[in-house]
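As structure tokens, the structure follows; a few thoughts come after it.
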Protein chains: 2
Amino acid sequence: MNIGQAAQASGVSAKMIRYYESIGLIPKTVRTEAGYRVYSDHDVHTLRFIRRSRDLGFSVEQIADLVSLWQDRERASKDVKAIALEHVSVLERKIRELQEMASTLKHLATNCHGDTRPHCPILEELANDEIGEGHVKPDAKFGVLGKAPARQA
Amino acid sequence: MNIGQAAQASGVSAKMIRYYESIGLIPKTVRTEAGYRVYSDHDVHTLRFIRRSRDLGFSVEQIADLVSLWQDRERASKDVKAIALEHVSVLERKIRELQEMASTLKHLATNCHGDTRPHCPILEELANDEIGEGHVKPDAKFGVLGKAPARQA
DNA sequence: TTTAGTCCTTCCAATGATGGGAAGGTCAAG
DNA sequence: CTTGACCTTCCCATCATTGGAAGGACTAAA
């Protein structure tokens, strides 16, 4: 199977498959004489595992850990659970942050007439020097909206 | 006021102030003879406006729109409201995505003993070829966890 | 057999918002 | 006149991903 077919079958783009190989998340594949990468069903299985992990928001680093645990028949399930729960807590923190932003904005928007007049509490609040110092404080480690997983069709 | 003091006073790092200037979000400042940037209280006010917008998760592009509306005394409040509500809907979509991830993971973790034995439903599910095709599908435009606003102290 | 079209290869660049750091100039206090 | 804190510009790294260019390989049809 060529990389395009493996991409199709796994839902991981060819670009990303090469990238995952380059960073060592997946091993280097066998090549044809012409240099084409060749994939087995087993490789596709691994790629799907990776894709599903991505879909759940795990970082590449975490996925590397999960893959290695997955392939280790002696693994302790607590090691897997720890990664999952750690990630859940990160997700939940992120959710709370976004919820705070959304609710603040909705509140402001509610008080804004939304007509052709210039008066706008949203801008007034953003411009208000009195607030915002000890306010929400986005998490230091993770941003608000990041760039994109975006699976292939 | 030098850039460091403006950073302190606004909560926007000096690095970011220079960056915002370079991309045209804020105008080029007056410089001293030695080339130091000089900021007024008014500039700091604008920077605070920007920081608060960032704290609410607006992109730089949206912030540019907000700043220009803010400075336009003739603006229609509906234009501001539209930006805010559009952003709210993006935030809410993001929140739903993360909630789906978190709840899936929590469910899996609940069924995982988390002991020293190798049996682990989390990995089994990630490896399951039967599911995951029409599953969650992270939004095509925005990623899961991005990099960092991280305000200066 | 040639040719068109689709696939593959590698390499480089961009994304968005931010931090890190180097190399060098400036300024105020001691 | 030195020290140290500040400023300047410039380049690099992050994270996961896409885009594209240049060129080779394969396949099907003319």
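Convention: sequence-line order gives letters A, B, ...; per-chain numbering from 1. All of these numbers come straight from a predicted model, not from anything done at the bench.
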Next item on the list: Heavy atoms under 4.0 Å is the rule here; annotate nucleotides 6-12 of chain C 5' to 3' with B where the base is hit, S where only the sugar-phosphate is, and - elsewhere.
Entry: -BSBBB-
Starting from [atom2] on [N], measure out to [atom1] on [X] and report it in whole angstrom.
X       : N      : atom1 : atom2 : answer
A/Ile17 : D/dT17 : CD1   : P     : 12 Å
B/Arg54 : C/dG19 : CZ    : C1'   : 14 Å
B/Ile23 : C/dT15 : CD1   : P     : 11 Å
B/Tyr20 : C/dT18 : OH    : C1'   : 9 Å
A/Leu47 : D/dT17 : CG    : P     : 12 Å

Check: Does some side-chain heavy atom of A/Arg31 sit less than 4.5 Å from a side-chain heavy atom of A/Val38?
Finding: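 Not in contact.
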Margin query: Less than 3.5 Å apart, any donor N or O on the side chain of A/Asp43 or A/Thr46 sitting next to an acceptor on the other?
Written below: no
Notebook entry, point to check: If you find the nucleotide of DNA chain C closest to B/Glu33 and the one closest to B/Val60, which residue's nucleotide is nearer the 5' end?
Noted result: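 Counting from the 5' end, the first nearest nucleotide belongs to B/Val60.
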Note to self: Is it the case that the side chain of B/His87 and the backbone of A/Ala102 share a donor-acceptor pair, with hydrogens and angles ignored and the cut-off at 3.5 Å?
What the structure shows: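 Side chain of B/His87 to backbone of A/Ala102: no pair is present.
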Item checked: Under 3.5 Å: donor-acceptor pair, side chain of A/Arg75, backbone of A/Trp70 -> yes
Next item on the list: To the nearest 0.5 angstrom, please state how far the NZ atom of A/Lys81 sits from the CD1 atom of A/Ile83.
Entry: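 Answer for the NZ-CD1 pair, A/Lys81 versus A/Ile83, is 13.5 Å.
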Next item on the list: Report the C-alpha separation of A/Arg37 and A/Glu21 in whole Å, then their side-chain angles, then the decisive distance to 0.1 Å, and conclude whether the side chain to side chain contact (heavy atoms under 4.5 Å, CB included) test is met.
Entry: CA-CA 11 Å; A/Arg37 289 173 180 81; A/Glu21 183 188 304; 3.0 Å; yes
Note to self: Classify A/Thr32 by what it touches in the nucleic acid, base, sugar-phosphate, or nothing, heavy-atom distance under 4.0 Å.
What the structure shows: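 Since no nucleic acid heavy atom lies under 4.0 Å of A/Thr32, the category is nothing.
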Notebook entry, point to check: Within the structure, does a side-chain N or O atom of B/Ser13 lie under 4.0 Å from either OP1 or OP2 of C/dT18?
Noted result: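 For B/Ser13, the contact criterion (side-chain N or O under 4.0 Å from OP1 or OP2 of C/dT18) is not met.
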Check: Given D/dT18, is OP1 or OP2 found less than 4.0 Å from the side-chain N or O atoms of A/Tyr19?
Finding: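 No, no such contact exists.
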